Student: 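Can you keep this structure in mind? I'll have questions shortly.
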Amino acid sequence: MGKMTEAEADALFAEIDVDGSGEIRLSELRDYGMANGGTVGGVKLADFVRGADKDGDRRISRTEFRSHFA
């Protein structure tokens with residue numbers, strides 16, 4: 001899969017961040033993955049978390065998400 005635009009990455013982030021906190025918790029990611037074949041933007045969930053959670057806080061910030069996809 002090619003890179004997304006920032007707008008596409010932001011839209012996907014908002015779809016996954018169901019509580020609107022500005023961070024994606026692993027539980028939100030798991031729920032999204034269960035509904036979408038275990039992938040986020042075509043990337044396996046486990047690989048995505050490993051690659052995107054740069055600071056290791058088990059949450060994906062919008063900045064981390066954008067830098068991974070856009």
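Keep in mind it's a predicted model, so treat the numbers as computed, not measured.
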Student: What's the separation between atom OG in Ser67 and atom CZ in Arg62, rounded to the nearest 0.5 Å?
Tutor: 13.0 Å

Student: Hey, what's the ring geometry for Phe69 with Phe48, parallel, tilted or perpendicular (30° and 60° as the breaks)?
Tutor: parallel

Student: For a quick test of reading the model, state the closest non-hydrogen atom pair linking Ile60 to Phe13 and the distance between them.
Tutor: O-CE1, 3.6 Å

Student: Under a 4.0 Å threshold between the charged nitrogen and the carboxylate oxygen, would Asp17 count as salt-bridged to Arg25?
Tutor: no

Student: Show me the side-chain donor-acceptor pairs of residues 32-41 shorter than 3.5 Å, one per line, residues at least two apart or across chains.
Tutor:
{"unit_1": "Asn36", "atom_1": "ND2", "unit_2": "Tyr32", "atom_2": "O", "d": "2.8"}
{"unit_1": "Thr39", "atom_1": "OG1", "unit_2": "Asn36", "atom_2": "O", "d": "3.1"}

Student: How long is the span from the OG1 atom in Thr5 to the CZ atom in Arg66, to the nearest 0.5 Å?
Tutor: 10.0 Å

Student: How long is the gap from CE on Met4 to CG on Leu12, to the nearest 0.5 Å?
Tutor: 4.5 Å

Student: Under 4.5 Å between side-chain heavy atoms, counting indirect links through other Ile/Leu/Val/Met/Phe/Trp/Tyr residues: same cluster for Val18 and Ile16 or not?
Tutor: no

Student: Which distance, rounded to the nearest 0.5 Å, do you find between the OG of Ser61 and the CG of Asp55?
Tutor: 6.5 Å

Student: Please name the pair of heavy atoms, one in Glu28 and one in Glu23, separated by the smallest distance, quoted to 0.1 Å.
Tutor: OE1-O, 3.3 Å

Student: Using the test side-chain hydrogen bond (donor to acceptor under 3.5 Å, both in side chains), find all partners of Arg58 that sit at least two apart in sequence or belong to another chain.
Tutor: none

Student: Between CZ of Arg50 and NE2 of His68, what distance do you get to the nearest 0.5 Å?
Tutor: 10.5 Å

Student: Once side-chain hydrogen bond (donor to acceptor under 3.5 Å, both in side chains) is applied, do any residues pair with Asp53, and if so which ones, sequence neighbours excluded?
Tutor: none

